[in-house]
Number of protein chains: 2
Amino acid sequence: MVTLAEVAQHAGVSASTVSYVLSGKRSISAGTRQRVERAIRELGYHPNAGARALAGGRSNIIALMIPLRTDMYVPVMMEIAIAVATTARIHGYDVLLLTGEEGPEAVRRVTGSGLADAMIVMDVQLDDERLPLLRETSRPSVLIGLPSDPTGLTCVDLDWTAAGALCAEHLAQLGHRDIAFIGEAPAVYERHTGFAERTLDGLRSRARELGLRVLHRPCAAGYDAVAATVTRVFDERPRTTGFVVQNESAVEPLLALLRQQGRAVPEDVSVVAVCPEQVAVQASVRLTSVAVPAQEMGRSAVEHLVAKLDGRGGDDVALIAPELTVRASSGMAPAVH
Amino acid sequence: MVTLAEVAQHAGVSASTVSYVLSGKRSISAGTRQRVERAIRELGYHPNAGARALAGGRSNIIALMIPLRTDMYVPVMMEIAIAVATTARIHGYDVLLLTGEEGPEAVRRVTGSGLADAMIVMDVQLDDERLPLLRETSRPSVLIGLPSDPTGLTCVDLDWTAAGALCAEHLAQLGHRDIAFIGEAPAVYERHTGFAERTLDGLRSRARELGLRVLHRPCAAGYDAVAATVTRVFDERPRTTGFVVQNESAVEPLLALLRQQGRAVPEDVSVVAVCPEQVAVQASVRLTSVAVPAQEMGRSAVEHLVAKLDGRGGDDVALIAPELTVRASSGMAPAVH
DNA sequence: ATGAAAGCGCTAACAC
DNA sequence: GTGTTAGCGCTTTCAT
């Protein structure tokens with residue numbers, strides 16, 4: 001293993017000079033810099049991460065807590081995680097993957113040991129048990145998600161309330177009066193997951209203002225569960241002409257079921273999804289949708305975090321404005337006979 | 001920040017005693033142990049990760065390289081990643097998330113800096129450019145996937161060749177003679193991704209032995225792409241009665257298309273999928289399938305890695321035997337008229 | 001613009 | 001069963 005001292009010797013300079021060449025924290029003459037860089041290359045030197053962390057007081061690692069639950073749309077999680085890792089590298093950080101399993105204890109372990117300099121927390125519940133710890137730690141953190149009380153925290157999220165409202169507006173404009181909201185799995189609501197409840201709230205309150213009737217049905221994954229849900233919807237509200245879906249695994253089953261029942265989309269029934277662009281575009285009917293900007297969320301979270309680590313920027317809530325894209329799945333409500 | 005020295009002082013013992021209480025590397029009298037543990041608790045002590053890594057020569061971190069490509073079934077990747085993280089924690093390791101983006105350079109950076117003690121590599125191509133580095137590094141590694149030449153490497157994978165063969169056997173037994181294999185996206189084959197090519201090979205060679213005709217069609221994600229593929233299949237081979245699908249995003253579209261064309265599953269056409277159990281069970285027709293044991297793969301990879309870190313176990317290839325579960329999507333080939 | 005040297009907090013010989 | 005101590009490889013004052 002090559003050490004800084006060996007590089008220094010090889011280059012004929014002192015250890016501190018090598019260190020400063022690496023960090024750029026003081027000016028180095030061109031000649032010295034070149035000799036050092038050459039020595040580094042020739043010896044294949046890589047600074048030791050542990051020594052750096054110990055001496056420098058920072059590990060250059062960001063912890064990312066992802067849920068280990070599998071009842072939510074996984075690709076979104078994955079896309080966020082990858083965006084986080086990619087963006088972090090750009091800023092010189094590596095990413096430590098923590099699953100929700102350890103719970104709040106993981107926060108203590110990672111921050112207490114200096115394993116990570118900061119952390120990003122996903123799958124935030126409205127009243128998340130990790131929040132007190134995050135607030136009291138000296139280490140910066142960013143939530144991807146918005147709890148009930150974001151005081152003293154930095155949050156990055158899609159404005160789900162606005163997203164729900166957008167869906168209601170779109171369907172109202174098209175003349176729909178009875179709409180059904182196919183939501184995430186029941187467990188997601190039972191945990192009071194922020195995004196799910198906010199979307200519902202946003203949809204409901206805008207719907208009320210616009211005179212829409214809304215039937216909300218959480219929906220487990222699987223074709224059968226979707227089938228049961230859709231059947232119940234039409235039983236309870238036969239005049240339903242609009243669907244809002246926030247559950248990627250229900251999208252394709254829903255479209256297949258409507259087809260089977262002889263209900264044409266969008267002539268008889270309109271469908272608006274809240275999902276990643278890719279899902280909307282690849283569905284069997286190109287879906288009118290509010291995009292979930294997973295990459296943007298991951299990237300933004302890292303950038304807020306890096307800003308805090310650099311002493312710039314403080315606590316705030318950064319909500320991304322939702323955008324609804326009209327595609328082939330929504331149209332005028334059918335005339336009432 | 002609480003240090004080991006402070007704990008030692010508080011407990012009235014020496015630093016090394018505290019260290020040994022923590023590591024369990026030498027016997028400690030019950031009394032001493034208790035006083036130390038009490039001091040640790042009272043002071044809220046957490047060993048500094050950097051100092052540990054420096055002094056101990058090991059970081060207790062495992063690096064996990066995941067692809068950042070999005071053309072393969074993401075939930076499987078995610079499930080593996082989560083299984084890796086969970087299993088790693090059980091063995092006292094944390095997981096560092098590396099995206100494929102940095103390529104082979106990431107291997108050098110992480111192993112060279114001592115950031116990670118070992119690494120797990122996913123999305124292995126038959127002739128992967130990271131392999132030479134992994135072979136020459138002193139740090140242990142495990143591949144999830146099987147390259148052409150696994151010499152000097154430890155690999156964990158499903159036996160995809162056997163999986164492909166199983167599918168052929170099942171359909172042959174049911175009397176099918178013309179089968180179509182809907183595969184992963186074209187890019188996956190162009191990269192020579194191990195699992196995709198091996199499944200194809202296994203299917204093809206067993207099919208040849210059994211007198212089956214196989215039409216292989218890679219298939220991009222999205223309903224339209226699947227529709228085009230299926231149409232071409234029946235154009236070229238009108239007597240196709242069996243489908244093997246290794247492409248999760250094509251599963252539901254395929255079933256929907258067959259339904260639309262009035263082809264009943266399994267009366268007219270049988271479908272066998274190679275996918276996670278969950279997908280097979282939740283599809284609109286419960287699918288006969290060969291399970292992709294994502295969790296098992298992640299867990300096994302970590303256990304092999306930990307064995308190597310502990311000086312137990314050396315290089316070997318651990319292939320998981322595939323299992324085919326018969327469900328509702330496969331049946332006797334229709335009689336020929 | 002560069003060097004010397006004092007730690008950072010822990011582990012693991014080496015003592016007893 | 002416990003204490004003493006010499007590093008681990010780097011960063012960063014303090015000097016010049």
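Computed from heavy atoms alone, side chains included, the values below leave out hydrogens, waters and symmetry copies.
Here the nucleotide nearest the side chain of Ser29(A), chosen from dC10(D), dT2(C), dC10(C), is dT2(C). If you check dG9(C), dT12(D), dA1(C) against the side chain of Lys25(A), the one that comes closest is dT12(D).
Comparing Leu54(B) and Arg35(B) against DNA chain D, the residue whose closest nucleotide sits nearer the 5' end is Arg35(B).
The closest side-chain heavy-atom distance from Ile144(B) to Ile80(B) is below 4.5 Å. No side-chain heavy atom of Leu98(B) sits under 4.5 Å from any side-chain heavy atom of Leu64(B).
We find that CG of Leu115(A) is positioned 14 Å from C1' of dG9(C), with the value rounded to whole Å. In this entry the distance linking CZ of Arg52(A) with C1' of dC10(C) reads 20 Å, nearest Å. If you measure from atom CG of Asn48(A) to atom P of dC8(C), you get 18 Å, rounded to the nearest angstrom. One can place OH of Tyr45(A) at 3 Å from P of dC10(D), the figure rounded to the nearest angstrom. One can place CG of Leu4(B) at 16 Å from C1' of dG7(D), the figure rounded to the nearest angstrom. The nearest whole Å value for the distance from the CE atom in Met1(B) to the C1' atom in dG7(C) is 14 Å.
Backbone-only engagement by Ile28(B) is indicated by non-hydrogen atom pairs under 4.0 Å involving sugar-phosphate atoms exclusively.
The closest donor-acceptor contact from the side chain of Ser19(B) to the backbone of Ala15(B) lies at 3.5 Å or more, if one exists at all. Side-chain N or O atoms of Asp94(A) include none that pairs as donor or acceptor with a backbone N or O of Ile61(A) at under 3.5 Å.
A salt bridge links Glu102(A) with Arg109(A): at least one charged nitrogen is closer than 4.0 Å to a carboxylate oxygen. Ion pair Arg38(A)/Glu42(A) flagged as a salt bridge, since at least one NZ, NE, NH1 or NH2 atom sits closer than 4.0 Å to an Asp/Glu carboxylate oxygen.
Among residues at least two apart or in separate chains, side-chain hydrogen bond (donor to acceptor under 3.5 Å, both in side chains) pairs with a member in residues 123-136 of chain B are Arg69(B)-Asp123(B), Arg69(B)-Gln125(B), Asp128(B)-Arg130(B).
One can find a donor-acceptor pair under 3.5 Å joining the base of dT2(C) and the side-chain atoms of Arg26(A).
In the region residues 11-24 of chain B, proximity to DNA chain C at under 4.0 angstrom, judged on heavy atoms, holds for Ser16(B), Ser19(B), Tyr20(B).
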